Amino acid sequence: MSEGADHLAEVERRIAEAAKAAGRLPADVTLVAVSKTHGPERVRELLDVGHRIFGENRVQEAQEKFPALKAEYPDLELHLIGPLQTNKARDAVALFDVIQSVDRERLAAALAKEMERAGKWPACFIQVNTGEEEQKAGALPADLDAFVAACRDVHKLPVVGLMCIPPVGEEPALHFALLAKMAKRNGLAQLSMGMSADYETAVRLGATHVRVGSALFGARS
Ligand SMILES: *Cc1c(COP(=O)(O)O)cnc(C)c1O
């Protein structure tokens, strides 16, 4: 087995254990394998053993890597997990199956326009800046309910859930619990939270999607 396949088995085992400990079904947690900075040969290690769900944080990098892989594996599901500029909305809609980083009105409007144009509606997560960090993307918690409503009612985006990246050095569980509360309040069923260092905690707190990079592919250079 490849190193990637080994790591995948281990991460899947831990997700299943964390889910069971929380009285949840392992199948209710989707592992998004974050392949940013790694070449297509590393993605193939996971495709070879049946994994199909991947995440990338930059449109251009994903465009270089994934069209060929998607042609070969039509059931490959690609998630955009990084900040999106409005002028890349068209490219993002064309390539990605899920967009996890919707975080402002102008972007919501641009995505809606491009989805209409393409006749393709990738599922959307609203990214929340739960730590209210200056430099970080995401809607602020205080603005969230109005923003979710605008995405749904004004822009008609297919909003399925919320996503967050907790501040470095803070207890992630507090942010995961906050995100779960905000999702519930807005009637959103899906929660994208948890990365290599904290995905088991996220699963215990209700994550439906964990985004795991280095625990699968090793450190990024
Ligand atoms: C890179 C990245 C991840 C994966 O991080 P790891 O710590 O390597 O698991 C998850 N989410 C986002 C938004 C990322 O940019």
Side-chain angles (χ1 to χ4, degrees), residues 24-25 27-36 51-59 62-63 66-67 69-70 73-130 137-141 143-165 176 178-194 202-203 205-211:
R24 305 184 58 209
L25 295 173
D28 291 344
V29 183
T30 297
L31 171 61
V32 180
V34 178
S35 50
K36 66 188 186 199
H51 192 78
R52 292 291 182 270
I53 304 172
F54 295 88
E56 285 281 334
N57 70 332
R58 304 174 85 176
V59 175
Q63 281 174 323
F66 275 92
L69 294 169
K70 284 188 109 179
Y73 295 90
D75 56 341
L76 193 161
E77 182 180 300
L78 189 60
H79 292 232
L80 178 62
I81 60 169
L84 178 59
Q85 293 170 284
T86 49
N87 64 4
K88 295 268 174 67
R90 182 171 300 184
D91 291 342
V93 168
L95 181 61
F96 290 92
D97 303 290
V98 179
I99 297 176
Q100 294 205 5
S101 48
V102 181
D103 67 347
R104 59 199 189 279
E105 191 85 36
R106 255 168 53 81
L107 177 60
L111 285 169
K113 185 175 143 215
E114 296 303 338
M115 288 183 195
E116 196 60 49
R117 197 183 147 273
K120 178 185 177 217
W121 284 267
C124 294
F125 286 74
I126 308 289
Q127 183 175 350
V128 187
N129 185 357
T130 56
L140 291 173
D143 302 334
L144 181 71
D145 295 5
F147 183 55
V148 170
C151 285
R152 283 170 160 162
D153 304 337
V154 180
H155 303 296
K156 316 283 185 205
L157 291 179
V159 180
V160 297
L162 302 180
M163 180 270 241
C164 78
I165 309 169
F176 298 158
L178 174 63
L179 197 73
K181 194 173 111 187
M182 292 188 292
K184 188 157 190 232
R185 185 168 82 204
N186 284 282
L188 292 167
Q190 307 203 27
L191 286 169
S192 173
M193 55 192 200
V203 168
L205 288 165
T208 60
H209 293 70
V210 292
R211 310 177 309 268

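Everything numeric in this text was worked out from a predicted model, so none of it was measured. Any value given below was found using the heavy atoms of this structure, including those in side chains, with hydrogens, waters and symmetry copies removed.
- Here the closest non-hydrogen pair linking Trp121 and Glu116 is CZ2-OE1, 3.8 Å.
- Taking CG of Leu157 as the reference point, atom CG of Leu107 lies at 8.5 Å (rounded to 0.5 Å).
- Of all the heavy atoms in Met193 and Leu205, the pair that sits closest is CE-O, 3.4 Å.
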Criterion side-chain contact (heavy atoms from CB on, under 4.5 Å) on Ile126 and Gln100, from CA distance to verdict: CA-CA 6 Å; Ile126 308 289; Gln100 294 205 5; over 6 Å; no
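- By the 6.0 Å contact criterion, NZ on Lys120 is enclosed, its count of non-hydrogen atoms from other residues, nucleotides or ligands being greater than 12.
- Atom OG1 in Thr130 sits 12.5 Å away from atom NZ in Lys181 (nearest 0.5 Å).
- The shortest distance between side-chain heavy atoms of Glu56 and Ile81 does not fall below 4.5 Å.
- Using a distance-only test at 3.5 Å, with no hydrogens or angles considered, a donor-acceptor pair links the side chain of Arg24 to the main chain of Ala207.
- With rounding to the nearest 0.5 angstrom, the CG atom of Leu76 is 8.5 Å from the NE2 atom of His51.
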Stepwise salt bridge (Lys or Arg N to Asp or Glu O under 4.0 Å) test for Asp97 and Lys70: CA-CA 11 Å; Asp97 303 290; Lys70 284 188 109 179; 3.0 Å; yes
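- Using a 4.5 Å heavy-atom threshold, the side chains of Met163 and Ile165 count as touching.
- In this structure, Thr30 OG1 and Glu77 CD are separated by 7.5 Å, a value rounded to the nearest 0.5 Å.
- Between Phe54 and Val32, the shortest heavy-atom contact is C-CG1, 3.6 Å.
- Two residues are said to be in side-chain contact when any heavy atoms from C-beta on lie closer than 4.5 Å; Met115 and Pro158 meet this criterion.
- The minimum heavy-atom distance between Arg152 and Leu188, with the atom names listed, is NH2-CD2, 3.2 Å.
- Between Glu105 atom CD and Cys151 atom SG the span is 6.5 Å, to the nearest 0.5 Å.
- His209 and Phe125 have their aromatic ring centers within a separation under 6.0 angstrom.
- Considering only heavy atoms from C-beta on, Val98 stays 4.5 Å or farther from Pro122 through its side chain.
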Intermediate values then yes/no, side-chain contact (heavy atoms from CB on, under 4.5 Å), Leu111 and Val93: CA-CA 7 Å; Leu111 285 169; Val93 168; 3.9 Å; yes
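- Of all the heavy atoms in Val210 and Ala202, the pair that sits closest is CG1-CB, 4.4 Å.
- Closest approach of Ala183 and Leu162 over heavy atoms only: N-CD1, 3.4 Å.
- Looking only at atom types and distance, the side chain of Ser101 has no donor-acceptor partner in the side chain of Gln127 under 3.5 Å away.
- Panel note: side chain Asp143, backbone Ala139; no donor-acceptor pair is recorded below 3.5 Å.
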Derivation and outcome, side-chain contact (heavy atoms from CB on, under 4.5 Å), residues Phe96 and Val59: CA-CA 9 Å; Phe96 290 92; Val59 175; 4.3 Å; yes
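- Contact check on Glu114 versus Arg90 returns a salt bridge, with a Lys/Arg side-chain nitrogen under 4.0 Å from an Asp/Glu carboxylate oxygen.
- Looking at heavy atoms from C-beta onward, Thr208 lies out of side-chain contact with Ser192 at the 4.5 angstrom threshold.
- Here the straight-line distance linking atom CG of Asn57 with atom CG of Leu84 works out to 11.5 Å at 0.5 Å rounding.
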